[in-house]
Number of protein chains: 2
Amino acid sequence: MSQHPDKTGHHHGNLRAALIEAGIALLTEGGLDNLSLRKCAARAGVSHAAPAHHFDGVDGLRMAIAAEGFARFRQSMLDFADTGPQTPRDRLRNICRGYLAFARNNPALYDLIFSFRANSKLIDQMRLNSAPAYQVLRDTCAPFVPAGKDPVEIETQVWSLVHGYALLNCQGDLAAHPRRTMRCCPCLTILAAPLDPAGKLRDAFGGCAPHICTYQ
Amino acid sequence: MSQHPDKTGHHHGNLRAALIEAGIALLTEGGLDNLSLRKCAARAGVSHAAPAHHFDGVDGLRMAIAAEGFARFRQSMLDFADTGPQTPRDRLRNICRGYLAFARNNPALYDLIFSFRANSKLIDQMRLNSAPAYQVLRDTCAPFVPAGKDPVEIETQVWSLVHGYALLNCQGDLAAHPRRTMRCCPCLTILAAPLDPAGKLRDAFGGCAPHICTYQ
DNA sequence: GTGTCAAGTTTACACTGTCAAGTTTACATC
DNA sequence: GATGTAAACTTGACAGTGTAAACTTGACAC
């Protein structure tokens with residue numbers, strides 16, 4: 001099926017990847033509104049209708065780009081988690097840092113991922129795309145789930161907190177105060193100072209209890 | 001300036017309000033993608049260019065609708081806060097419920113509010129529009145801010161948590177499990193069971209510490 | 001009446017997604 | 001090699017979109 005490593009005459013050879021790459025570039029340059037089938041086509045050097053043919057419409061293109069975004073998103077979390085000490089608490093703190101780093105470094109792609117509103121046909125595929133990223137969260141939260149409790153509760157808490165924080169930081173009122181940190185009970189200190197503009201993640205976790213969460 | 005209570009010949013009389021109302025109806029019926037200048041115009045019975053003339057482009061229309069959305073959003077929080085016991089803890093719990101109720105009852109409007117990406121010209125106006133809603137949060141969080149601490153830290157925590165939770169519930173993976181509750185340390189139990197589909201907000205806060213947050 | 005100005009209209013244009021039809025290429029089969 | 005077929009595009013057309021400029025209508029001050 002993949003007998004076209006390079007463009008051979010009429011066939012492009014690697015159009016799908018080229019279109020996704022073009023789409024990510026468009027997102028990076030001009031935000032969500034800058035992404036269109038025709039611009040992707042022009043950038044990939046194909047006719048204006050080629051992307052729609054490939055991805056079955058603009059929603060398909062956006063989903064394909066979002067799938068690539070989820071893969072990079074997941075990788076950002078894993079990159080942070082695999083660095084430094086490997087205690088469960090360190091790993092949980094660091095996937096949150098990786099989460100926020102991705103949101104900060106790829107705002108438009110992050111926007112696309114979490115602004116995706118698909119019809120029922122694509123929503124299942126979208127869930128498949130995002131599942132590996134959620135799995136990182138699940139694996140990392142697992143050590144903190146008390147016996148007999150539903151893991152999804154603490155997962156939801158961590159996910160909600162970091163997701164809301166990322167959105168508020170990247171677009172909302174907090175964007176004016178990027179150095180703002182979050183501190184509350186110990187389960188929240190994992191998010192402290194994650195968006196240091198200089199890229200040096202200050203450690204502001206001093207004085208916290210050693211457990212993540214006094215789950216009752 | 002408002003000498004046109006009804007439509008008098010050429011002038012519409014109350015075009016601005018009619019367009020905003022039409023826009024909200026379009027959002028409610030078909031989501032974000034269903035909102036356009038021309039559809040608003042048709043629904044308000046004016047020419048297709050009238051909305052752009054009024055609001056100086058589609059971004060202006062969207063901002064005007066978002067301003068109305070923020071007002072309703074704020075009112076939803078206040079309605080919940082002013083009901084029931086009036087301890088600081090009750091009020092904080094209830095503005096979160098009001099927050100989530102609004103997100104659930106007005107998903108497209110909530111989407112519009114928090115997906116708004118404005119150029120630098122409109123972003124200041126947008127901040128003015130959202131300020132009263134944020135003020136509700138600030139006032140409600142104030143009793144929980146320890147002396148000498150920056151109030152914005154606990155505000156950010158609560159806002160992030162409820163914002164992320166609302167988004168995940170309304171659009172994301174959690175949408176499949178609307179009855180999911182969040183429980184963790186006491187500061188988080190305010191969000192427990194906020195999205196009961198039957199509309200009866202179950203109280204699942206039993207066994208929590210009486211203080212909101214062991215802020216250290 | 002006259003001037004002025006805001007409020008809408010009209011017209012036109014570029015851009016967008018989508019669809020139908022046609023063209024080119026690859027490949028299997030004879 | 002010739003042929004059929006399916007996939008991978010291209011081409012052309014169309015409706016819907018935002019936007020800008022020019023025009024018209026109405027209200028009001030003088």
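Naming convention: chains lettered A, B, ... in sequence-line order (proteins, then strands); numbering from 1 in each chain.
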Between L15(B) and R38(B), just flag the one whose closest nucleotide in DNA chain C comes earlier from the 5' side.
-> L15(B)
Can you tell me the distance, in whole Å, between the CG atom of L37(A) and the C1' atom of dT17(D)?
-> 15 Å
dT18(C) C1' sits how many Å from F55(A) CZ, rounded?
-> 16 Å
Spacing of L61(A) atom CG relative to dT18(C) atom C1', expressed in whole Å = 14 Å
Watson-Crick or G-U counterpart of dT5(D), or none if no pair lies under 3.5 Å | dA26(C)
Between dT16(C), dA7(C), dT17(D), which one does the side chain of K39(B) approach most closely?
-> dT17(D)
Atom-to-atom span, CG of D59(A) to C1' of dC19(C) - whole angstrom = 16 Å
Base, sugar-phosphate alone, or nothing: which one does S47(B) contact when heavy atoms must sit under 4.0 Å apart?
-> base
Nearest-nucleotide pick for A49(B), side chain only, options being dG17(C), dT9(C), dG18(D) | dT9(C)
Find the distance N34(A):CG to dG17(C):P and express it as a whole number of Å.
-> 11 Å
Would you classify H54(B) as touching base, sugar-phosphate or nothing, given that sugar-phosphate means primed atoms plus P, OP1 and OP2, and contacts are heavy atoms under 4.0 Å?
-> sugar-phosphate
Is the number of heavy atoms from other residues, nucleotides or ligands under 6.0 Å of D56(B) CG greater than 12?
-> no
Would you call D82(B) and R91(B) a salt bridge, taking side-chain N to carboxylate O under 4.0 Å as the test?
-> yes
Nearest-nucleotide wise, let me know which of V58(B) and H53(B) is further upstream toward the 5' end of DNA chain D.
-> V58(B)
Taking 4.0 angstrom as the limit, do D124(A) and R127(A) come out as a salt bridge?
-> no
CG of L19(A) versus C1' of dA8(D): gap in Å, rounded?
-> 12 Å
Salt-bridge present (R16(A), E68(A); N to O < 4.0 Å) | no
Mind running side chain to side chain contact (heavy atoms under 4.5 Å, CB included) on L19(B) and F55(B) for me, showing each step along the way?
-> CA-CA 10 Å; L19(B) 289 174; F55(B) 296 108; 3.6 Å; yes
Residue closer to the 5' end of DNA chain D, H48(A) versus R16(A) (nearest nucleotide) = R16(A)
When rounded to whole Å, the CG to C1' distance for the pair L35(B) and dG18(D) reads 12 Å
